Amino acid sequence: MAMTRTTPPRPVDITETFPQLREHSTTATRLHPRPGTPTTADSSVGGPLLWPAGEPWPVCTEGADHYVFQLRTPASVRRCREIYAAAWARSQASGVPYGLTEQERAEVPAYDFSEPHDLVEQPIALVPVAQLYRRDVPDFAGPDGTDLMQVLWCPLDHPDEGYNPKVRLYWRSSAEVTRPLDAAPEPPVVSDAYLPLGCVVHPEQIREYQYGDLLPKDLDARIGAWEKQTGHSYQYDLSLAPGWKVGGFANWSLTDPHPMNCAECGASMTLLFTAASAEWHGQVSSWRPVEEPSDASPGTTDVTIGRGYALYVFRCPVSFDHPPATAMQ
Ligand SMILES: [Zn+2]
Ligand SMILES: [Zn+2]
């Protein structure tokens, strides 16, 4: 049975106090990824993609241009996660403090271990980040005739992308994939922060309001004064959802807003997709779904962007053929 995830109602309806905010509002679909075993027929994060067998799998060939720190094989990253999950489950079941057995410890690489750095000079197969079917995601955006969006990235740091993974987007019609690829190729090495756990998603549409600094100045100032009076936080509780999502607005709290313009045509870009380090921030977060216990881990995908930030992927509103752009916040 598919469990739903439900965002709690906002502490107050901000549009009752500031009706003008309705003009600075949009919807977003929170994906609520949780570990599972999705198939190519499912929407997923980090799951298998419905990919035509005859279409080459994309690779990154930027080789020595990657910033390289600690490299791991995908198999080793997955094995370590299994070991940690088993140790956690043992400790939960028995009440014995969390710890690894000697055998498990022998399998986990030293904290400063890295595979040889020259392995990045091979073609790096991109890894599946998300595949989303139009039917599942109310805020799906894609070219006419497509019903499937696939997000992949090179799982290494790209200095020209702000030391983030480099994103590629694909849209297709699932009915046209008559002969699907059996198994995707894997990169020889990854940065473990960029290899998502296989997750099923629980899409939920919510409403968002524009980031404060991007509102008209007087409206932003009045909201600021109201926050001081009431103790409410527009930024943390009332405007923008944290976590993986489709659509909505970006939260520019790290660098302050900067214009995202299409490299091809100069158009002001639209937020398409967000990959995030955390689904909510802190045990008292108003964004933790009502189904989650207060001690649930907010890092459900094992993806970490920077020091716990999010990677925003923007698209050009003029054409889906124009290249996406990313910003870390
Ligand atoms: Zn790369
Ligand atoms: Zn464009």
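Every number for a ligand or one of its atoms is a count from 1 in the order of the listing. Heavy-atom basis, side chains included; hydrogens, waters and symmetry copies ignored. Quantities reported herein were computed from a predicted structural model and do not represent experimental measurements.
For His66, the N, O or S atom with the smallest separation from the Zn ion (ligand 1) is NE2. When you scan the N, O or S atoms of His322 for the one nearest the Zn ion (ligand 2), you land on ND1.
Between the side chains of Gln131 and Arg172, not a single donor N or O lies within less than 3.5 Å of an accepting N or O. Side-chain atoms of Thr7 and Glu204 form a donor-acceptor pair, as typed in the model, at a separation below 3.5 Å. Using a 3.5 Å distance cut-off with no hydrogens or angles, the side chains of Asp13 and Thr15 do pair a donor with an acceptor. Using modelled atom types and a 3.5 Å distance limit, the side chains of Tyr194 and Asn164 yield no donor-acceptor pair.
Note: angle at the Zn ion (ligand 1), from SG of Cys60 to NE2 of His158, is 120° (rounded to 10 degrees). Here Cys316 contributes SG and Cys262 contributes SG, and at the Zn ion (ligand 2) these two atoms make an angle of 110°, given to 10°.
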